[in-house]
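First up is the structure itself, then whatever we jot down about it.
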Amino acid sequence: MQRPEPQSFDRVLSSMCTEPHPAAREAAERYLATNPGDPATYEAVASLEERAVELLATLADHPTPTDAAGYVTSGGTEANVQAVRSARNRHDASDVNAVVPESGHFSFHKAAEILDVELRTVPVDDGYRARTDAVAAAVDSDTALVVGVAGSTEYGRVDPIPALADIAHDAGALLHVDAAWGGFLLPFTDHAWSFGDAPVDTLTIDPHKFGQAPVPAGGLLARESAALDALAVDTPYLETRSQATLTGTRSGAGVAGAVAAMEALWPDGYREAAERATENAAWLADTLAERGTDVVEPTLPLVAAALPESEFDALREAGWKVSRTAAGELRVVCMPHVTRDALRAFVADLDRIRE
Ligand SMILES: *Cc1c(COP(=O)(O)O)cnc(C)c1O
């Protein structure tokens with residue numbers, strides 16, 4: 001069989017992943033046959049993982065990055081599942097719940113089902129941010145975790161994290177921030193989202209999204225090591241005594257790629273990528289609005305716009321990888337590979353379709 005070429009990124013406007021940095025590509029290949037899940041055997045990649053956690057903790061403004069707790073996950077899904085699992089294990093009640101805004105990623109539904117935790121979904125406001133009054137009304141003494149989203153998957157919104165932390169802690173719950181996508185953009189904004197901005201307990205931040213690392217590389221960080229201790233199981237046949245990760249054998253390529261990307265790009269490369277993406281999103285939003293299209297004003301570089309289904313289909317037909325929000329709007333994620341020229345060509349195609 002002829003092997004298909006992987007897609008080129010030229011017309012990919014729908015993905016939260018992007019082209020890896022060249023140094024990350026090279027590092028990933030060197031570490032292909034290593035397993036950070038067995039640190040006593042694969043010592044080099046194990047030390048790289050410590051470096052990855054330190055770098056991620058630096059991005060997320062952890063008070064002590066050199067001894068932050070965390071690990072490189074298979075992605076945001078695993079990090080979110082593990083955050084729910086850790087909070088459940090640390091809570092006294094037998095039937096715990098987690099309070100998540102409706103803008104929360106679907107990985108929390110997976111977490112709730114796997115872990116048998118009740119998911120309490122609360123509405124967002126007109127600006128697509130978690131409503132604090134609704135969160136406060138939803139928490140009770142069985143609430144183990146409150147989730148705030150910092151860079152929501154559909155509209156790129158940042159929930160009021162400090163207020164959510166107060167509500168969580170007043171109820172005896174923990175506060176998890178899902179910055180899977182936003183974590184590599186938010187350090188260059190005024191948003192309050194990090195360990196430094198609020199008493200955040202755990203946080204998801206994915207190198208394989210805006211971090212320009214190869215897939216798979218997600219991140220789970222915790223303020224205190226107790227969050228990871230609550231996940232540890234005994235590992236009889238390994239030299240290390242316990243393991244806090246969800247998967248056993250893990251991608252050394254992901255770990256090495258993440259470190260290489262972060263060392264190459266933090267902070268200036270990420271700042272430049274964030275600025276370019278933000279300008280591109282603003283340009284696209286303005287350009288669509290000028291054409292009479294209803295646009296959801298971007299905060300982070302993610303543009304949603306009302307587009308008739310026929311136009312959406314015609315754009316897909318023209319080779320554009322575009323996706324939709326649950327409400328049916330066109331959703332364009334301005335990742336680092338999305339250039340202004342690509343967006344100009346996209347708008348030109350839209351104009352042609354509308355003629
Ligand atoms: C992408 C994303 C996830 C899921 O991450 P995966 O790496 O796809 O598992 C979770 N939360 C948010 C906010 C995301 O954008």
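Quick note: numbers below take in every heavy atom, side chains included, and nothing from hydrogens, waters or symmetry partners. In listed order, ligands and their atoms are each counted from 1.
- For an aromatic pair to be called close, the ring centres must be under 6.0 Å apart, and Tyr128 with Tyr155 satisfies this.
- At least one side-chain heavy atom of Phe108 sits under 4.5 Å from a side-chain heavy atom of Val84.
- Legend: residues meeting ring-ring contact (aromatic ring centres under 6.0 Å, His included) with His337, ordered by chain and number and at least two apart, are Phe9.
- With ligand atoms numbered from 1 in the order given, ligand 1 contributes 4 (C), 5 (O), 6 (P), 9 (O) to contacts under 4.0 Å with heavy atoms of Thr77.
- Below 4.0 Å from some heavy atom of Gly75 lie the following atoms of ligand 1, by number and element: 7 (O), 9 (O).
- Counting atoms of ligand 1 from 1 in the listed order, those under 4.0 Å from a heavy atom of Trp181 are 15 (O).
- Counting heavy atoms under 4.0 Å from ligand 1, residue Asp206 touches it through the side chain alone.
- Ring pair Phe188/Trp266 is tilted by interplanar angle, where 30° to 60° counts as tilted.
- Between His191 and Thr189, the side chains place no donor N or O within less than 3.5 Å of an acceptor N or O (distance only, hydrogens not considered).
- When each atom of ligand 1 is checked for a heavy atom of Gly151 under 4.0 Å away, the hits are 13 (C).
- Contacts between Lys209 and ligand 1, counted as non-hydrogen atom pairs separated by less than 4.0 Å, involve the side chain only.
- In this structure, Arg324 is positioned above the aromatic face of Phe312, its NZ or CZ under 6.0 Å from the six-membered ring centre and within 45° of the axis.
- The heavy atom nearest to atom 11 (N) of ligand 1, considering only Val81, Leu302, Thr73, Asp178, is found in Asp178.
- The option from Ala217, Gly76, Ser152, Ser107 that lies nearest to atom 5 (O) of ligand 1, judged by heavy atoms, is Gly76.
- Closest protein heavy atom to atom 10 (C) of ligand 1: His105 CG, 3.2 Å.
- Against a heavy-atom cut-off of under 4.0 Å, Ala180 is close to the following atoms of ligand 1: 2 (C), 3 (C), 10 (C), 11 (N), 12 (C), 14 (C).
- Those atoms of ligand 1 with a heavy atom of Asn80 less than 4.0 angstrom away are 10 (C), 11 (N).
- With rounding to the nearest 0.5 Å, the separation of OG1 in Thr143 from CZ in Arg120 is 5.0 Å.
- With values rounded to the nearest 0.5 angstrom, His176 atom NE2 is found 7.0 Å from Leu145 atom CG.
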